Amino acid sequence: MAFIADVLSRVKPSATIAVTQKARDLKAKGRDVISLSVGEPDFDTPDNVKQAAIEAIRRGETKYPPVLGIPPLREAIAAKFKRENGLDYKASDTIVATGGKQILYNAFLVTMNKGDEVIIPAPYWVSYPEMVLINGGEPVIVRTTFANEFKLQAEDLERAITPRTKWVVLNSPSNPSGAAYTREELKALTDVLMRHPHVWVLTDDIYEHLVYGDFVFTTPAQVEPGLYERTLTMNGVSKSYAMTGWRIGYAAGPAQLIKAMDMVQGQQTSGACTIAQWAAVEALNGPQDLVPVRRNAFEERRDLVVSMLNQAQGLKCPSPEGAFYVYPSCAGAIGRKAPSGKKIETDEDFVGELLESEGVAAVQGTAFGLGPNFRVSYATSLGTLEEACHKIQRFTASLR
Ligand SMILES: Cc1ncc(COP(=O)(O)O)c(C=O)c1O
């Protein structure tokens, strides 16, 4: 009898972490490696946020917090939802956790019965299907297309719904494609959901502030208030405020769901780190002037990367609305031979040979459920991106 639980045999380790580790190992061996695989802003946490944490330590805010979060943070979250999203959540409708990851995980933990289905559009963030599987549910993957800019179509959503469907997961802007739904596109999806009252919406809005040009971010409960009572609106400070290491995520939703999440979190990690919570209060309530500055920097990087990747032979790269990823197709490279002599049969071969030949690390589309593509994170300097894209161009030109 194996010691490790059977459910673990259904779960894969994170491919993004694996690629990042491979790049690190090569670097340690002295190879010159550029990593385009990371999922976090290269910017530092703003000084006012750091200062708020230092003051919290000095004030002695070092005791166990309430499981659902410190009251000032829950007030700040409710105020943020009102100010930025027009959502009428009360502080008592909110929950703070150790990263958005814990919010998502516990939402599945408290709702999945064996065989319950969760609709996940592909390409998807690597953790969604695995979290569903760990908690005994069945991920139902609905593939999107390059032609539809990797956005879930209403008719495909309709077709995927069964009596066992519990959740649909929406993530806009998306990791890995960067695609974001306009209000009209979201409305087409919420119209379908209004016809299926047993289906709940888990919306992961963590990249909300990273949208470009004149794109306007919207979220399902805002577009369709009729969905309030079955939507969990999840967000966090990791990406918007460069606070990935502080581990603060949050959500708002119906009382019965928040109560269940409170109960499991109370038996699990309890409240999130008090110092990080005070830092998050400052991030949400304090000056917001760095947010557009950083967004503009990301937009410039997106434009550079999209333009340079479209000049690489055999690659096609859409220009997405947000996040800090692009998701080019490498279909034109499949069937060709790399400088090592290896034939490229999959997107995994493509990124493997790219790393070997040019020392550029990206993540294969297979990891996100849709290929042949690969994910490029542009959360690094313009100079590094330019060098990396030149290397990608040289690599694709070398394929025979
Ligand atoms: C789509 C998406 N959701 C959620 C998260 C988790 O964010 P955190 O746990 O740092 O709040 C990430 C992080 O990579 C992400 O890309």
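All figures in this text were calculated on a predicted structure; none of them were measured in a lab. Atoms within each ligand, like the ligands themselves, are counted from 1 in listed order.
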Using distance alone, determine whether Asp204 and ligand 1 share an N or O pair under 3.5 Å. yes
List ligand 1 atoms under 4.0 Å from Ser238, heavy atoms only on the residue side. 8 (P), 10 (O), 11 (O)
Quick check on contacts: which atoms of ligand 1 are under 4.0 angstrom from a heavy atom of Arg247? 8 (P), 9 (O), 10 (O)
If you measure every N/O of Gly99 against every N/O of ligand 1, is any gap under 3.5 Å? no
I'd like to know if the side chain of Asp205 pairs up with that of Thr219 as donor and acceptor (distance under 3.5 Å, no hydrogens or angles considered). yes
Using non-hydrogen atoms of the residue, decide whether Lys239 is closer than 4.0 angstrom to ligand 1. yes
Residues Glu40 and Lys239 bridged, charged N to O under 4.0 Å: no
Just so I know, are the side chains of Val305 and Cys389 near enough to count as touching, which here means a heavy-atom distance under 4.5 Å? yes
If only side-chain N and O atoms count, and only distance matters, is there a donor-acceptor pair under 3.5 Å linking Ser340 with Glu353? yes
Using the ring of each side chain (for Trp, its six-membered ring), is Tyr327 parallel, tilted or perpendicular to Phe368, with breaks at 30° and 60°? perpendicular
of all protein heavy atoms, closest to atom 6 (C) of ligand 1 is Trp125 CH2, 3.8 Å
Any Leu157 side-chain heavy atom under 4.5 Å of Val168 side chain: yes
Regarding Thr162 and Glu117, is there a side-chain donor-to-acceptor distance under 3.5 Å anywhere? yes
Which residue owns the protein heavy atom closest to atom 11 (O) of ligand 1, what's the atom, and how far is it? Gly100 N, 2.6 Å
Distance filter under 4.0 Å to Ile206 heavy atoms, resulting ligand 1 atoms: 2 (C), 3 (N), 7 (O), 11 (O)
Which of the numbered atoms in ligand 1 are below 4.0 angstrom from a heavy atom of Asn171? 1 (C)
Taking only heavy atoms of Tyr128, which atoms of ligand 1 are found under 4.0 Å from at least one of them? 1 (C)
